[in-house]
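Only a predicted model underlies this, so the values are computations on that prediction, with no experimental measurement involved. Counting starts at 1 for both ligands and their atoms, in listed order.
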Amino acid sequence: MKAVIPAAGFGTRFLPATKSQPKEMLPVYDKPIIQYAMEEAVASGIDDILIITGRNKRSIEDHFDKSYELEQTLQKAGKDRILKQVRKITDLADVCYVRQKEQVGLGDAILRAERHIGDEPFAVLLGDTIAKSKTPCTRQLMEIFNKYQKSVISLKTIPNTRQNKYGVVKASPVEDNIYKITQLVEKPQNENRKCLAIVGRYVLTSDIFDKIRETEPGLNNEIQLTDAISKLDEVYGTVFDGKTFNIANRFDWLKASIEFGLETDERDELIQYMKTFIG
Ligand code: G1P
């Protein structure tokens, strides 16, 4: 299976940090966000990845490319550990790029992948979202796809105060933690209930491309992927067994930075530092 990582959005919710750098290149601890998505795809068994970029996103390509000068400098300085890390990024997967020329929505961005994907099912990992779990989120979806051979999306339960930040679904259970989706709405404004929200990981069948073409501009006058998915005949969902951080929201970035920081050698120091704010 191939993967598509859309990374073409403006990042308006994270301005001014994203004025001249892609939001997907913001670091969480010591890695840019998009590298987490790339590593998740690879850990799910995918080695052919298409990144949808746009203007001002060239640093994404540079990040996954070889950097001769840097490698030579690190080699001469005997910084072997960091050299290994830098080389690993280049060797992660075969990466292709296509640009979305106008930022007219996530659905339109995914349509740019049609030529690369053809008529095979494919995974989508939003480049601004980190999914943290033991079994990679995309792997979880691929397993359900293998059983049902239909599109599958990853979900999480959110409180009613946050539903206008996500695509939300109505669904009925078909078996343990597998739901048949009956309705999808992109960022509803007036829902007042606990919702199942789309977290930014999908396995889609290739008929999604025709459905995107049939989709009229929706919320914010953009072609919404959620609207196109709702036109598919059968879609399944599963509540993700892990945590997600949508870095487009700055508070999620802050939480992710702490969470990943706590998994490093700096854990104790970080905890001590945070304690100074309590009491
Ligand atoms: C996108 C999707 C939305 C999904 C969200 C998850 O929205 O359109 O359906 O719930 O990602 O992060 P965005 O956050 O890019 O506006």
### Contact summary for S133 and D241, nearest pair of heavy atoms
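That closest heavy-atom pairing would be CB-O, 3.3 Å.
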### Residue pair I110 / P6: nearest heavy atoms and the distance that separates them
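The pair with the smallest heavy-atom distance is CD1-CG, 3.9 Å.
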[X]/[Y] ion pair, N-O < 4.0 Å:
X    : Y    : result
E143 : R139 : yes
R87  : E71  : yes
E214 : K231 : no

### Query
Between E40 and T138, do the side chains contain an N or O donor and an N or O acceptor separated by less than 3.5 Å?
yes
### Task
Using heavy atoms and a cut-off under 4.0 Å, could you grab the residues that are in contact with ligand 1, chain by chain, numbers ascending?
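Residue list for ligand 1: R13, L106, L126, T129, Y166, G167, E186, K187, I198, V199, T226, N246.
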